[in-house]
Amino acid sequence: MDKKLNELKARLQAELRSVQDSEVLAQIKNKYLGRKGELTNILKEVKNLAAEEKPRLGKLANDIKFELQSLLDKTEKIVSKPSGAGVDFDPTMPGSRREEGHLHPITLVQRDVEEAFAQLGFGIYDGPQLESEFYNFSALNIPADHPARETQDTFWLENHNLLRTHTSNLQVRMLEKYGAPFRGIFPGRVFRYESTDASHDHTFYQLEGLMVDKDISMANLIAVMKSLLSAVFRTKVDVRLRPGFFPFVEPGFELDIKCLVCGGNGCSVCKQSGWVELMPCGMVHPEVLKFGNVDPSVYSGFAFGLGLTRLVMMKYKIDDIRLLESGDLRFLRQF
Ligand code: PHE
């Protein structure tokens, strides 16, 4: 009987090792411990044993029954538990925090600027990034052979289409659509086919402004710029105005601000000059008004092309433009 019991124990243990579901487990349980189960039968035989054998074998049989029973119970727990849900689940443990997204620094600054302009009565407009040669260049008084085209390295597409090189592509579109008087800003993505470094990227953001009305002068332009800069920086910034050439404005200017990343001492962002070109601007060229079906003898206007990406870099003291489009969470989490 010794042998029988030990052999049975080994067999049951082996069978339990491969059990996956509770139905099979129930069958095994019945096979050994059921009313006519193998172990039950052995236990029944104990009473027929010789008196001197009975105590020892009786005890052994009971021990094995107990052992196997607890093994079955354990297996049952494992099998009946849906995978993953630990027995140690503690409902009072605080949950893990879900990560929340937030706005990109460019969006944050863009919204600041939009709000400042909305208060001055400017509407906010959007337009195509995939543009025709006409609206990006020709309608802005930049004919095909004009050297100004070379200053804006272009991603050309088929059929004289291109990725817009500046938000100025919307100047004539807006005048055609809404006529004069007009007051609007057009923020958006622009593209240049050039190699990248700390202050150049192939994709960046501009924010164009256009105001056309009767009797608009440089004084209006300067007043608008001042209120814009104080709204964005909320601190005093040093600016300078230099003459600048763009075929679609006359006269044209470059508005620079003293580099806020290095405080004017020179760094990679300001190319060691201490100043950053932030806002080219000027009075809208009469030819451009004509392309927009606006009579230049009645109306005049100003336009500017704020470098939104540069503005963001100044505001947050970011020293490499490539970080902005990198999608690097270590960078983005700081805003
Ligand atoms: N579109 C010009 C550029 O990207 C900037 C500009 C806009 C200049 C409006 C004058 C007026 O370089």
Side-chain angles (χ1 to χ4, degrees), residues 106 110 113 117 122 125-129 131-143 146-155 162-175 182-194 199-212 216-218 220-225 228-229 239-257 271 275-289 291-292 294 296 299-313 321:
I106 291 182
Q110 182 180 323
V113 179
F117 275 103
F122 282 71
Y125 300 90
D126 199 7
Q129 294 176 10
E131 185 54 287
S132 67
E133 182 182 12
F134 175 74
Y135 286 110
N136 196 84
F137 289 127
S138 313
L140 291 170
N141 202 25
I142 316 176
H146 198 287
R149 286 204 184 187
E150 273 150 41
T151 64
Q152 298 194 349
D153 303 296
T154 309
F155 285 109
L162 45 81
L163 295 180
R164 69 173 176 189
T165 57
H166 51 185
T167 43
S168 303
N169 71 317
L170 297 181
Q171 288 190 14
V172 168
R173 279 185 180 276
M174 293 300 147
L175 292 178
F182 178 84
R183 227 188 261 205
I185 55 168
F186 343 122
R189 215 146 50 131
V190 302
F191 310 88
R192 301 270 170 102
Y193 183 49
E194 59 187 2
S199 55
H200 295 91
D201 206 350
H202 48 73
T203 302
F204 56 99
Y205 288 76
Q206 289 186 335
L207 188 144
E208 191 89 359
L210 177 65
M211 180 170 182
V212 175
I216 296 291
S217 71
M218 276 303 294
N220 300 102
L221 171 59
I222 290 166
V224 166
M225 305 235 166
L228 162 77
L229 292 172
V239 300
R240 70 178 187 191
L241 213 53
R242 288 178 294 128
F245 174 73
F246 304 93
F248 39 99
V249 286
E250 180 57 40
F253 300 95
E254 288 278 7
L255 184 136
D256 302 341
I257 68 168
K271 294 182 209 123
W275 294 87
V276 177
E277 286 177 18
L278 189 66
M279 195 148 50
C281 55
M283 301 304 292
V284 181
H285 197 287
E287 283 304 314
V288 176
L289 293 176
F291 271 115
V294 171
Y299 290 100
S300 55
F302 66 77
F304 60 86
L306 172 68
L308 192 57
T309 301
R310 288 240 173 102
L311 189 62
V312 173
M313 292 172 73
I321 188 174

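Keep in mind that what you see is a predicted model, and the values were worked out from it rather than measured. Remember, it's 1-based here, ligands and their atoms both numbered in the order they're listed.
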| message | Can you confirm, on distance only, whether ligand 1 has an N/O atom lying under 3.5 Å from any N/O atom belonging to Q206? | response | yes
| said: So for ligand 1, is H166 a polar contact partner (N or O within less than 3.5 Å, distance only)? | reply: yes
| If we only count N/O pairs under 3.5 Å, is E208 in contact with ligand 1? | no
| Out of curiosity, is R192 lining ligand 1, as in a heavy atom under 4.0 Å away? | yes
| task | Please step through ring pair (Phe, Tyr, Trp, His ring centres under 6.0 Å) for the pair Y125 and F182, ending with a clear verdict. | result | CA-CA 12 Å; Y125 300 90; F182 178 84; 5.2 Å; yes
| Nearest non-hydrogen protein atom, atom 7 (C) of ligand 1 | G305 N, 3.3 Å
| Where is the nearest protein heavy atom to atom 5 (C) of ligand 1: which residue, which atom, and how far? | P280 CG, 3.5 Å
| note | Contacts of E250 meeting salt bridge (charged side-chain N to carboxylate O under 4.0 Å, His left out) (sequence neighbours excluded), chain-then-number -> none
| query | Which of the atoms of ligand 1 are close to Q152, meaning less than 4.0 Å from one of its heavy atoms? | reply | 3 (C), 4 (O), 12 (O)
| S168: numbered ligand 1 atoms lying under 4.0 Å from its heavy atoms | 1 (N), 7 (C)
| message | With the threshold set at under 4.0 angstrom, would you say A303 reaches ligand 1 through any of its heavy atoms? | response | yes
| query | Do the side chains of Y205 and T309 get nearer than 4.5 Å, heavy atoms only? | reply | yes
| Under the 3.5 angstrom rule, does the side chain of S300 hit a backbone N or O of I216 as a donor-acceptor pair? | yes
| query | Mind checking what makes ring pair (Phe, Tyr, Trp, His ring centres under 6.0 Å) contact with F117, not counting sequence neighbours? | reply | F122, F304
| request: Only heavy atoms count here, so choose which of F204, F304, F248, F302 is nearest to atom 2 (C) of ligand 1. | output: F248
| message | Could you check whether any side-chain N or O of E254 sits under 3.5 Å from a backbone N or O of G244, counting only pairs where one atom can act as donor and the other as acceptor? | response | no
| field | F245 CZ: over 12 foreign heavy atoms closer than 6.0 Å | value | yes
